[in-house]
Amino acid sequence: MEMTGLQIFKYTPAAKKLPKSNCKECGCPTCMVYSLKLAKQQIDIDKCPYVCEELRQNYSQSIKHPQKTIKIGDLKIGGENVLFRHEKTFINPTALAVIVDCSKSDYAEKIKEICEFEYTHVGQTFGVDLVILINTDNKTELSFQAGRQCSSVYENNGLSHYSLSFVPRNDINVLTIEQLQQLSLNIFEEQDFKTTKNYLIETRVKAILEKDESCSAPVCVVMKNDDIYSQCARAGFYLCKYANMLIFEEFDKDLLSTLITLRHNIFTDPQKTLQVDSGLYKYNNPDENSIIFMTTNFALTYFAVANELENLDIPAYLIIVPADGMSVLTAWSAQTFTPEIVSKFLDELDIKNKIKTRKIIIPGLVSDMIEELNAQCPDFEFVEGTKDASDIGKFVKKIINSNKVISQ
Ligand code: SF4
């Protein structure tokens with residue numbers, strides 16, 4: 001564990017009431033300031049000529065990185081510092097890799113299929129991170145190096161070359177198994193579940209808590225190619241605790257989509273909210289008379305509302321107000337979703353001139369804002385919507401049935 005400023009301070013002359021206490025020779029006004037800076041690694045430990053050997057040893061141990069970071073192109077593997085996400089955050093999501101056997105006749109199609117696979121979750125698009133080629137014989141010359149590129153094969157003077165015949169995703173990497181083995185990775189063949197689980201946990205605990213260098217290599221688990229449901233359950237566990245990469249023999253879109261969803265939830269930074277871009281979103285080809293909904297830019301709020309609007313068979317707009325990624329009620333109480341902010345944002349989007357509709361449906365949770373909103377934005381009339389996004393469909397039907405005019 002990294003030392004805190006107070007833990008460091010205990011070793012300084014000021015804490016020990018020695019003659020050089022707060023002497024400023026390090027450039028800091030006090031030993032406490034030096035300690036705080038050292039804890040954040042903002043000052044060199046040698047700036048203080050009076051550092052004791054015990055502090056030097058404990059500090060150098062505390063700043064050692066417990067797990068190495070291995071780079072393959074843009075892909076980073078490992079580099080974790082904590083056992084639990086809430087302690088700080090996890091750094092690099094578990095990489096998902098698929099093996100392609102180049103001795104099989106359909107291998108080029110398989111590479112193409114893997115490279116084209118995309119899965120979108122909470123507004124972000126993901127895919128397979130790494131393709132690992134096996135059985136690339138001596139006659140095969142790979143035109144790509146360690147790094148990105150997906151290829152199909154053609155023959156030239158007896159040598160097989162790989163060349164691009166389609167546009168791959170630009171965030172996928174391809175390596176031969178030999179290239180992968182040269183990296184400082186711990187490649188572990190999956191045993192039975194209990195053995196693998198224990199191995200992963202013990203290795204990570206030793207790396208993080210004991211800073212055991214023999215456990216500092218990121219761990220890649222080569223999954224057994226058995227029943228897909230069992231494989232999915234085991235891989236899900238290893239992804240949480242504590243595989244840095246999972247390697248699959250077969251390419252299965254459902255398995256990978258499930259793991260990508262799980263991974264996206266585990267590897268978000270708990271200190272940052274998930275948010276989407278603010279702006280005007282359109283559903284089912286709206287025109288200038290279509291209904292308008294409004295909510296905040298908290299990702300889960302956005303996707304809940306967007307999903308309902310997508311599935312309605314009426315055209316609609318959704319205004320996403322910038323609210324520091326907070327949900328509606330939180331943003332309202334934190335004053336990041338206020339009539340002033342809404343008014344400014346409507347002007348910024350130029351809604352008044354772009355759309356003829358003058359009624360804007362706001363979340364029912366903030367119906368108390370309606371009076372102030374109407375006063376602040378005199379060009380519009382704000383209408384109380386539903387408290388829950390799942391009721392939007394019923395809400396819209398009710399309006400249509402009762403012939404209430406939402407537009408104009
Ligand atoms: Fe304290 Fe800095 Fe003087 Fe060291 S050099 S004794 S840390 S004030």
Side-chain angles (χ1 to χ4, degrees), residues 1-72 74-95 183-186 200-219 240-244 266-275 324-326 330 334-336:
M1 295 285 277
E2 285 170 21
M3 292 178 82
T4 63
L6 279 180
Q7 286 169 334
I8 292 171
F9 179 70
K10 277 195 322 193
Y11 297 95
T12 63
K16 293 181 180 173
K17 302 203 183 335
L18 295 175
K20 289 292 178 181
S21 170
N22 300 323
C23 69
K24 301 186 177 59
E25 285 180 48
C26 58
C28 301
T30 60
C31 294
M32 178 54 93
V33 175
Y34 167 85
S35 305
L36 294 171
K37 281 193 172 185
L38 193 57
K40 289 183 187 165
Q41 298 179 42
Q42 291 172 341
I43 193 168
D44 190 333
I45 192 169
D46 292 328
K47 289 277 177 188
C48 171
Y50 312 107
V51 160
C52 63
E53 195 47 38
E54 199 181 353
L55 172 59
R56 196 178 289 282
Q57 277 183 10
N58 291 348
Y59 180 71
S60 67
Q61 182 69 14
S62 84
I63 59 168
K64 260 206 261 170
H65 282 286
Q67 197 181 46
K68 288 182 188 138
T69 302
I70 304 299
K71 287 186 189 171
I72 302 173
D74 293 340
L75 178 66
K76 289 184 186 165
I77 301 161
E80 301 301 339
N81 292 314
V82 292
L83 282 182
F84 305 105
R85 187 182 75 137
H86 61 263
E87 289 178 60
K88 211 170 190 179
T89 182
F90 288 147
I91 309 284
N92 294 310
T94 305
L183 301 172
S184 299
L185 293 166
N186 174 0
L200 285 168
I201 293 174
E202 280 164 22
T203 308
R204 180 66 66 91
V205 167
K206 280 186 186 168
I208 303 288
L209 297 185
E210 298 169 25
K211 300 214 170 151
D212 181 340
E213 282 190 23
S214 68
C215 295
S216 65
V219 185
C240 296
K241 287 179 184 294
Y242 284 112
N244 298 103
I266 300 293
F267 284 86
T268 51
D269 186 341
Q271 296 162 81
K272 289 184 195 156
T273 54
L274 270 179
Q275 51 183 286
D324 287 348
M326 292 181 192
T330 314
Q335 296 286 292
T336 58

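Just so you know, ligand 1 is whichever comes first in the structure, and atom 1 is the first atom listed for that ligand. Start at 1 with the first residue, then count along the sequence. Values in this document were obtained by computation on a predicted structure and should not be read as measured data.
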N22 heavy atoms within 4.0 Å reach ligand 1 at atoms 8 (S)
Under a 3.5 Å distance rule, please check whether Y34 uses its side chain to pair with a backbone N or O of I45 as donor and acceptor. yes
L36 meets the side chain to side chain contact (heavy atoms under 4.5 Å, CB included) criterion, sequence neighbours left out, with M32
Heavy-atom nearest pair, L38 first then Y59, reads O-OH, 2.9 Å
Exam field: side chain R56 to backbone D46, donor-acceptor pair closer than 3.5 Å:
no
We want to know whether E80 and Y242 form a side-chain donor-acceptor pair, criterion being a heavy-atom distance below 3.5 angstrom.
no
Donor + acceptor pair across side chains of Q67, N244 (<3.5 Å): yes
Protein-side N, O or S atoms sitting under 2.8 Å from atom 4 (Fe) of ligand 1 are C48 SG
- Is the backbone of P13 close enough, under 3.5 Å, to the side chain of K20 for a donor and an acceptor to pair up by distance? no
Per-atom filter on ligand 1: closer than 4.0 angstrom to a heavy atom of K24 are 3 (Fe), 8 (S)
